[in-house]
Amino acid sequence: KVQSATQSYVDTVEKAMRGFPGANEDQITTFKAYLERKVAANRDFVEKLLRAKDFQEAFRIEVEYFQSQLKAAAEDASQIGTKIASSFNRSTG
């Protein structure tokens with residue numbers, strides 16, 4: 001059920017993005033891939049957490065997940081910054 005609901009959510013977001021004026025296929029594909037990565041990471045986190053043997057292991061899993069999310073956010077911000085900079089350079093160059 002979770003997989004089906006998740007796919008329905010991703011499909012709904014994709015349809016909504018297609019309705020935005022000026023949205024192009026590259027933006028839609030990039031954002032959809034981003035959502036799918038986030039969903040997969042969340043699913044893996046929950047599965048690991050459910051298998052934790054004790055509180056200490058559950059806490060370790062949460063810390064690792066939090067650290068991975070911070071790292072991913074930094075990488076995403078860097079990629080967005082690069083895209084904005086290249087877009088700006090094309091429009092002013």
Separation of [Y] [atom2] from [X] [atom1] (nearest 0.5 Å):
X	Y	atom1	atom2	answer
F20	I28	CZ	CD1	9.5 Å
Y65	K48	OH	NZ	11.0 Å
T6	R43	OG1	CZ	7.0 Å
E62	R60	CD	CZ	11.0 Å
D44	I61	CG	CD1	11.5 Å
L49	N42	CG	CG	11.5 Å

Show the nearest heavy-atom pair for residues Q69 and A41, with the distance to one decimal. NE2-CB, 3.9 Å
State, to 0.1 Å, how close K38 and A72 come at their nearest heavy-atom pair, and which atoms those are. NZ-CB, 4.3 Å
Any salt bridge linking E25 with R18? Criterion: basic side-chain nitrogen under 4.0 Å from a carboxylate oxygen. yes
Indicate, with yes or no, if V46 and F66 share a hydrophobic cluster defined by side-chain heavy-atom contacts under 4.5 Å among Ile, Leu, Val, Met, Phe, Trp and Tyr. no
Between F45 and V39, is there a shared hydrophobic cluster once you connect ILVMFWY residues whose side-chain heavy atoms come closer than 4.5 Å? no
Any donor-acceptor pair under 3.5 Å linking the side chain of T82 with the backbone of S78? yes
Output yes when a side-chain donor or acceptor of Q67 lies under 3.5 Å from a complementary backbone atom of E64, and no otherwise. no
May I ask you to check whether over 12 heavy atoms, not counting those of E47, lie within 6.0 Å of atom CD? yes
Worked verdict on V10 versus E36 for side-chain contact (heavy atoms from CB on, under 4.5 Å): CA-CA 7 Å; V10 170; E36 289 170 343; 4.0 Å; yes
